[in-house]
Amino acid sequence: MSKEITSREKDYSQWYNDLVIKAGLADYSAVRGCMIIKPYGFALWENMRDQLDKRFKETGHQNAYFPLFIPKSFLSKEAAHVEGFAKECAVVTHYRLKNDENGNGIVVDPEAKLEEELIIRPTSETIIWNTYKSWIQSYRDLPLLINQWANVVRWEMRTRLFLRTTEFLWQEGHTAHATSQEAIDETVQMLNVYAEFAEEYMALPVVKGVKSINERFAGAVDTYCIEALMQDGKALQAGTSHFLGQNFAKAFDVKFSDKENKLEYVWATSWGVSTRLIGALIMAHSDDDGLVLPPKLAPIQVVIIPVFKGADQKALVDEKVNVIVNDFKALGISVKYDDDDSRRPGWKFAEYEMKGVPVRIAIGMRDIENNIAEVARRDDKTKQSVSLDGIANTVKVLLEEIQINIYSKAKKFRNEHITQAETWDEFVSLLDGKGGFISAHWDGTSETEEKIKELTKATIRCIPLDNNKEDGKCILTGKPSRERVLFARAY
RNA sequence: CGGGGCGUAGCGUAGCCCGGUUAUCGCGCCACAUUUGGGAUGUGGAGGUCGCAAGUUCGAAUCUUGCCGCCCCGACCA
């Protein structure tokens, strides 16, 4: 074995790093905290992006692009927003380099200091709302439904491939509406788009909920989120959708004339998911042999591996496989025929398992004689002999089955890891033992949430949208509570 | 920024404590042959500013000092 993966049991974070590197999703880069997304990883992102983009357009949004740089003064216009992001902003102060007079190579030219420094966007609310001011005058200009695919920079102290990098790729939707209700509806609609995408395509079960004040986006009135559970029992925020109220409209003075010719501030939303989803995908499904990718997002859905001795046999196998490859293509299935003779079949088997390809087909002379092929599925590692007649259709059905199986497995795990806690001791021992979401009563105060975080490192992941009202006592303070919230240690 | 670990060929490493011929081993790479149904085997070969700089010494991968970088744990966060 040339590419050993650390087992999950031995070291979960090392397992994760090994997978990302060895499956060829990404590489470390020369810049600390920044990663290189390699072709295989980017293909995965493209599949996610294309699917989300389609859903955004179906719900009436248009793509646009705003600048990478934001004038420093913009950021400070919304008080909570600046406070939330100030600590992690990269700042451009100069616009020119020159050769050092003492021969120390190239240096920043002190003469070329910017009049107003530029922030590299950590998110684009400010530059966008500055723009919306000039785009919106009348109720006829609303709603304004814009999305952008972009990179952003947040100067995090500690980074992890895909999960938290200094620069990352994402999409950010920014919408403007005439009424509060319309904006709230938009916020919830996009949350549902995310949730459906996560469950249907990523095979990732999520809890839809609202964030507590502590966890809310800087500048939002309400932050909605989808929360997923990873195999190590830690939660991961997979997407957020914010109801921004009139905060940014007021900060950037964006008003519109309504039908009665009254000037009103507009209502706003913003929503985003990032390349972090790739991290979620990996940690939710994969195993000690490598990635397990859901068929709907896998860059390669089916790999075909020939087994032969000599050129004569290879020619026979090629002939058979070429027909099958065309059948797959006709069905819109992404298929790779790996006839590279410098690798032996066993090596390829392990390699494509590492890469999480959902279905592997092996075809040799023995199979051709019997008109069959060996079909192996990545999710449960089982193999079966399948007739070559109509094999593309057989595998198409199998891919659908795999998609469902991966989701069911993740959902079962998730459901088994939502546990109710009634006492503080129970709460703590659940966190330290079983992990996962803990459903518990909370008195609703930031102080208590803060205290719990300090004592246990667990945070309130969300208040589920479909929560039952249930009177109880706060897990920490014993004060009265009207409903349970979900706690977890999180990424 | 604190605490811990590390830097030797593309990757992973031995050697360092106790300085001394040509820097160890595995994987990978190149050539050829035999191979090909779960990470092939043999033979031959290429590949190194031992993180950087200064110092000690006849002599430094090894000792001293300074610097740089990376990883893990924490504080911060999607």
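- Across all strands, A/Arg343 comes closer than 4.0 Å only to sugar-phosphate atoms, never to a base (heavy-atom distances).
- Annotation: B/A40 and B/C27 have their P atoms spaced 12 Å apart (nearest Å).
- When both distances must be under 3.5 Å, the Watson-Crick or G-U wobble mate of B/G47 does not exist.
- Of the C1' atoms belonging to B/G2 and B/C76, the separation is 14 Å, rounded to the nearest Å.
- Taking the P atoms as reference points, B/C17 lies 25 Å from B/G26, given to the whole Å.
- Of all nucleotides listed (B/C77, B/G37, B/A78), B/A78 comes nearest to the side chain of A/Ser274.
- B/A60 sits 38 Å from B/U43 when the P atoms are compared, rounded to a whole Å.
- Comparing atom distances between the A/Lys453 side chain and each of B/C77, B/U36, B/A78 picks out B/C77 as nearest.
- A/Leu163 comes within 4.0 angstrom of a nucleotide base, judged by non-hydrogen atoms across all strands.
- Of the side-chain N and O atoms in A/Lys309, one or more sit less than 4.0 angstrom from OP1 or OP2 of B/U36.
- If you take CD1 of A/Ile305 and P of B/U36, they are 17 Å apart, rounded to a whole angstrom.
- Within a 6.0 Å radius of NZ in A/Lys320, other residues, nucleotides and ligands contribute 12 heavy atoms or fewer.
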> Passes ring pair (Phe, Tyr, Trp, His ring centres under 6.0 Å), A/Trp271 versus A/His61? Steps please.
Replying inline: CA-CA 12 Å; A/Trp271 29 273; A/His61 303 86; 4.8 Å; yes

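- To the nearest whole angstrom, the two C1' atoms, one in B/A14 and one in B/U8, are 10 Å apart.
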> Should A/Gln237 and A/Lys211 be marked as a side-chain contact (heavy atoms from CB on, under 4.5 Å) after you check the CA-CA gap, both sets of side-chain angles, and the distance that decides it?
Replying inline: CA-CA 11 Å; A/Gln237 178 177 302; A/Lys211 286 291 188 190; 2.8 Å; yes

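- Searching all strands for a Watson-Crick or G-U wobble partner of B/C58 with both distances below 3.5 Å returns B/G20.
- One cannot find a donor-acceptor pair under 3.5 Å joining the base of B/G37 and the side-chain atoms of A/Arg344.
- B/C72 sits 24 Å from B/C67 when the P atoms are compared, rounded to a whole Å.
- Across all strands, A/Gln237 comes closer than 4.0 Å only to sugar-phosphate atoms, never to a base (heavy-atom distances).
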Write down the protein N/O and nucleotide N/O pairs, taken from nucleotides 5-11 of chain B, whose separation is under 3.5 Å; answer none if there are no such pairs.
none

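- As the counterpart of B/G69, B/C6 is assigned, both hydrogen-bonding distances of the Watson-Crick or G-U wobble pattern falling under 3.5 Å.
- Set against B/C72, B/C76, B/A78, the side chain of A/Asn17 has B/C72 as its closest nucleotide.
- Between A/Lys457 and A/Ile368, the residue anchored closer to the 5' end of RNA chain B is A/Ile368, taking for each the nucleotide with the nearest heavy atom.
- Taking a cutoff of 4.0 Å between a charged side-chain nitrogen and a carboxylate oxygen, A/Lys314 and A/Glu319 do not qualify as a salt bridge.
- Regarding A/Asp339, its CG atom lies at a distance of 18 Å from the P atom of B/U36, rounded to whole Å.
- Salt-bridge annotation for A/Glu196 and A/Arg55: present, with a side-chain N of the basic residue lying under 4.0 Å from a carboxylate O of the acidic one.
- Residue contacts shown for A/Thr165 include a base, since a base heavy atom lies under 4.0 Å away.
- For the residue pair A/Thr175 and A/Thr269, a side-chain donor N or O sits within less than 3.5 Å of a side-chain acceptor on the partner.
- Closest contact between the side chain of A/Trp347 and the listed nucleotides B/G39, B/U35, B/C72 involves B/G39.
- With a 6.0 Å cutoff to the six-membered ring centre and a 45° limit on the axis angle, A/Arg154 does not count as a cation-pi contact of A/Phe85.
- Residues A/Glu125 and A/Ser270 have side chains that bring a donor and an acceptor to within less than 3.5 angstrom of each other.
- Checked for salt-bridge contact, A/Asp380 and A/Arg377 meet the test: a charged N lies under 4.0 Å from a carboxylate O.
- Proximity note for A/Lys383 (side chain, C-beta onward) versus B/C29, B/G38, B/U36: the nearest is B/G38.
- Using a cut-off of 4.0 Å between Lys/Arg side-chain N and Asp/Glu carboxylate O, A/Lys411 and A/Glu199 are scored as not salt-bridged.
- Pairing for B/C32 is with B/G42, a Watson-Crick or G-U wobble pair whose two hydrogen-bonding atom distances lie under 3.5 Å.
- A/Arg461 places its CZ atom 11 Å from the C1' atom of B/C77, with the value rounded to the nearest Å.
- The partner of B/G37, taking Watson-Crick or G-U wobble pairs whose two distances both stay under 3.5 Å, does not exist in any strand shown.
- Set against B/G37, B/C76, B/A78, the side chain of A/Val307 has B/G37 as its closest nucleotide.
- Taking atom C1' on both B/G47 and B/A9, the two are 6 Å apart, rounded to the nearest angstrom.
- For A/Met157 and A/Gly33, each mapped to the nucleotide of RNA chain B holding its nearest heavy atom, the one lying further toward the 5' end belongs to A/Gly33.
- Considering only the side chain of A/Glu351, B/G39 comes nearest among B/G39, B/A78, B/C77.
- Look at B/A75: it lacks any Watson-Crick or wobble partner with both distances under 3.5 angstrom.
- Note: CD1 (A/Ile21) to P (B/G28) measures 20 Å, nearest angstrom.
- Note on A/Ser13: only backbone sugar-phosphate atoms sit closer than 4.0 angstrom, heavy atoms only; bases stay farther off.
- B/G66 and B/U24: their C1' atoms are spaced 30 Å apart (whole Å).
- Between the P atom of B/A78 and the NZ atom of A/Lys234 lies a distance of 15 Å, rounded to the nearest Å.
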